[in-house]
Amino acid sequence: MKKITHAVIPVAGFGTRMLPLSKSVPKELLPLGNRPAIHYVVAEAIAAGIKHIVLVSHAQKSAIENYFDINAELDTQLRHKGKDELADSLNWLPEDVTVSMIRQGKPLGLGHAVLAARPIIGAHDFAVMLPDVVLDPYTTDMSVDNLAFMIERFANDGHSQILVETVADSDVHKYGIAKLTDAIHAADTEVGTGNQGGNASFKVAGFVEKPSLAEAPSNLAVVGRYVFSNRIFDYLATTTASVGGEIQLTDAIDALISEDGVNVTTMHGDSYDAGDMRSYMQAFIYFAEQQLADDK
Ligand code: G1P
């Protein structure tokens, strides 16, 4: 049983798609309703059983770490004013969950960011969660769906897992796209029973990072949730820059596929790209509406 307890969240990126908002506020701290976007990603990790979260960060983004720290002065002041409930709500991280931070140093790509977490992750297998993608907590049960499902699959068969969802033709160029051969697809869809709230898992032949529509092997896009065997670090350490001049996680995954076999898990529920202005604005409205309805 290979239980995943560690998750890496890369937060060093500048968020150029979210300018001007992200010029002085890290995009991960932009609100979705009454909480910053990264709050939901960390809450998702905790619901799925993660105990140690590693933020791969940048000097200009220390406000993210502060969000997960206890502000003793604020805590004292709130309690002094009798606002104990509010103070308690700010200290929401469970006692047995640790959030640590490591710097990426150079902006050499997503693969490089994940590799930067190696000194903390050590020999553990681990999850990677991209903070741009926020899964809708109102339509899925994070303790069984998506990441939790992938962690369970990994514990059962040892194959790394990658979450995918179907995207429109006009969007394939924004994502890593799964490559399925007919034979592999037909043979392995039965592996995914679609239980546990709609997730299904099957083997994948490879990925193409941000293809044109003509080059796209399918419409199944990598959503930003991964469960990796520790071997991915060895591949990342030897991966050289490719698409966009960056060290791509996708290239290391291709190497992992040829050695170990990797499964994709189809996403259950909805996701929001909080790193894209249009989609972020829609997400904000959705989260705010849910919370206003809850407050009634
Ligand atoms: C990254 C990954 C890509 C994935 C996407 C999901 O790209 O490289 O495979 O589909 O996240 O958001 P980025 O959006 O960081 O350029």
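For ligands, and for the atoms within them, numbers begin at 1 and follow the listed sequence. All values below were derived from every heavy atom in this structure, side-chain atoms included, with hydrogens, water molecules and symmetry-related copies excluded.
- Close approach of ligand 1 to Val133 (heavy-atom distance below 4.0 Å) involves ligand atoms 12 (O).
- Between the side chains of Asp136 and Tyr286, at least one donor-acceptor pair of N or O atoms lies under 3.5 Å.
- The pair Lys3-Asp125 fails the salt-bridge criterion, with no side-chain N (NZ, NE, NH1 or NH2) lying under 4.0 Å from an Asp/Glu carboxylate O.
- The existence of a salt bridge linking Lys203 and Asp157 is excluded, since no basic side-chain nitrogen approaches an acidic carboxylate oxygen closer than 4.0 Å.
- At a heavy-atom distance under 4.0 Å, only side-chain atoms of Leu130, from C-beta outward, approach ligand 1.
- Within a 6.0 Å sphere centred on NZ of Lys174, heavy atoms belonging to other residues, nucleotides or ligands number more than 12.
- A salt bridge links Arg79 to Asp88: at least one charged side-chain nitrogen sits closer than 4.0 Å to a carboxylate oxygen.
- When non-hydrogen atoms are compared, ligand 1 lies under 4.0 Å from the side chain of Leu110 (C-beta onward) but not from its backbone.
- Every heavy atom of Asp132 sits 4.0 Å or more from the atoms of ligand 1.
- Atom 9 (O) of ligand 1 has Glu209 OE1, 2.9 Å as its closest protein atom, hydrogens excluded (heavy atom only).
- Among protein heavy atoms, atom 15 (O) of ligand 1 sits closest to Lys210 NZ, 4.7 Å.
- No hydrogens or angles considered: a donor-acceptor pair under 3.5 Å links the side chains of Glu165 and Ser271.
- The shortest N/O to N/O separation between Val222 and ligand 1 falls below 3.5 Å.
- For Leu249, the heavy-atom gap to ligand 1 stays at 4.0 angstrom or more.
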